[in-house]
Amino acid sequence: MANQLLGATELGLVYGLMVLGVYITFRILKIPDLTVDGSVVLGMSVTAVVTNHGFPILALFLAALAGMAAGTVTGFLQTKLKIPPILAGILTMSGLYSINLLIMNGSPNVSMLGTNTVFSMFINATGISKHAGNIIVGALVCGLVVLVIELFFRTRLGLYIRATGDNEEMVRASSIDSNYMKWITLAIANGCVGLAGGLAAQYLHYSDITSGSGTIVIGFAAVIIGEAVCGKKSLTLGFIGTIIGSILYRVFIALALNTDFLPNYFLKFVTVVIITIALAIGPVKEAIASSRKKARRMKENADA
Amino acid sequence: MLTLKNVSKTFYPGTANEKKALSHFSLHLDPGDFATIIGSNGAGKTTLFNAIAGVWLTDEGKITIDGEDVTFMSETKRARMIGRIFQDPMKGSSPSLTIEENLAMAYGSGHHLLSPAISRKDEQFFRETLARLEMGLEDRMKVKMGTLSGGQRQAVTLLMATLVTPKILLLDEHTAALDPLTAEKVLAITKEIVESRRITTLMITHNIASSLEMGNRTLLLDDGAIALDLQGDERDALDVEGLLALYRKQKGQALDNDRILLS
């Protein structure tokens, strides 16, 4: 059990930046971006191929760049061709399926057994245990990227992006091109997702064409869990919350699947239940409060 | 400062809904002119503002701002010269950003994109500007815009539109959604800002009294053209009753014309 929880934490850190990417589009730009399912596998495939050539660190940079390119395509479809955001994301995601196969030279999966990864390099260099090494590397990469994103959103450009998600008309009236802002944001977010895919490939020692399906749903779930834990008070807390949400999501899933009555293939179902419960908390609370108030007032009126 | 020459715009041309919103519209404003615009619904008031702001291309005619031909300039580019405020207080600002972040948005262009969103100097400047509203907002700069009342939001929007002095200020019934007392206050702030900085301004209003009190010129729009252009002594001599009489006379003629068409 302890091992399973450690494994869940590692997986949560490895995929933490994917959640950060989803947060940036879903919560800041307020556009659900379905590119994610494709760009995470894009990051995996690029990383697998480049790592197998002996460049594990370069592989991660290229994974991030590839993710940004994917985001740029979605941005182009959305802003220049005026395709609705959800459809634009689906189009890029579907197109990426073929591109990912092309990168992996037509094969549905590429293994990286025995090659050096950032994880194995760190573990060999420091001599610490495997779990500790994985967690430290994951936490370092997540921490670094969260810091960069945090600083980025404190700039003028970051302010314009936040305003674009909030009131696009006002942004245009301020002589700022809101389409350009959407474009940049989609690129940055998918860059994070690509990097997460890259880390995941090195952690799992393989890239698989099917491993991206349902990523966006996991992203939403983790974002919601992160917000429930860290609150919505500030952007900084929101960014940190994505990593925490990502870890907690994996821990919940590990706990849920650890019980004997749920088979492994119930992973997606459990995810959907978690998201639905998280989304339902607000409206249900409201409904309970309002029905209580109604009952109290009916009683008051009857007494009077 | 602002010249419109023979500007026309027809919506849904060639269909049953065809609407000539501006027909051969001409107007010239000198620097510092403050003109109020009145007219019934559908007279072309908002269409005129959209034409000036460049929301769409006009069908014919020429628009110049400060000597520069802007007829074919994009909306985003034109926004640099134009401040525009709408009736809806929610429209002009970003609710989940703080007051100072909203001001920083408006103060933006010209700064480097990767520079800090709000510098110390900016913050000081925003504080002083907000203090002039006398609403106590200078002590609440880190509060989210969405928590302010409609009047406060509209006052801050006014500051945002004039933080960098625009060449043209377009006020589209910007006090219509406010209660009478708040509307009065926002109008007073408008007057102070526009007159102290001599901003060339157009203000749409349905309040006949304020159309005469504010500014130095009153335009009555009807059917996409200027029906009455009041300024100078003629305007000074008019009271609300007088203007309403003129308005009715104008509308009466229009009705007569309709009757001729229908008979």
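Only this structure's heavy atoms are used, side chains among them; waters, hydrogens and symmetry mates stay out. Note that the coordinates shown come from a computational prediction; the quantities given were computed from them, not determined experimentally. First the proteins, then the strands, lettered A, B, ... as listed; each starts at 1.
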Exercise. Contact part of B:Met160 toward chain A, heavy-atom cut-off under 4.5 Å: side chain, backbone, both or neither?
Worked result: side chain

Seminar exercise, completed: ring pair (Phe, Tyr, Trp, His ring centres under 6.0 Å) pairs touching residues 218-239 of chain A, sequence neighbours excluded, are A:Tyr23-A:Phe239, A:Phe26-A:Phe220, A:Phe153-A:Phe239

For this session: Could you have a look at B:Ala79, B:Ala117, B:Ser115 and say which one has the most heavy-atom pairs with chain A under 4.5 angstrom?
Result: B:Ala117

Exercise. So what's closer than 4.5 Å to chain A heavy atoms on B:Lys91: side chain, backbone, both or neither?
Worked result: both

Seminar exercise, completed: CD1 (B:Ile38) and OG (B:Ser210) are apart, to the nearest 0.5 Å, by 10.0 Å

Exercise. Stepwise, does the salt bridge (Lys or Arg N to Asp or Glu O under 4.0 Å) test hold for A:Asp177 with A:Arg172?
Worked result: CA-CA 6 Å; A:Asp177 189 345; A:Arg172 276 205 302 270; over 6 Å; no

For this session: Could you name each residue pair satisfying salt bridge (Lys or Arg N to Asp or Glu O under 4.0 Å) that touches residues 223-236 of chain A, not counting sequence neighbours?
Result: A:Arg27-A:Glu227

Exercise. Which residue out of A:Glu169, A:Arg162, A:Glu168 racks up the most heavy-atom pairs below 4.5 Å with chain B?
Worked result: A:Arg162

For this session: Would you check if there is a donor-acceptor pair between the side chains of A:Ser39 and A:Asn190 at a distance under 3.5 Å?
Result: yes

Exercise. Hey, do the aromatic rings of A:Tyr160 and A:Tyr180 have their centres closer than 6.0 Å?
Worked result: no

For this session: Please flag which part of A:Ala173 lies under 4.5 Å from any non-hydrogen atom of chain B: side chain, backbone, both or neither.
Result: backbone

Exercise. side-chain contact (heavy atoms from CB on, under 4.5 Å) with B:Arg198: which residues, sequence neighbours excluded?
Worked result: none

Exercise. Taking atom types as modelled, is there a side-chain donor on A:Thr25 or A:Asp33 under 3.5 Å from an acceptor on the other?
Worked result: no

Exercise. Which members of residues 130-154 of chain B, sorted by number, sit under 4.5 angstrom from chain A on a heavy-atom basis?
Worked result: B:Lys144

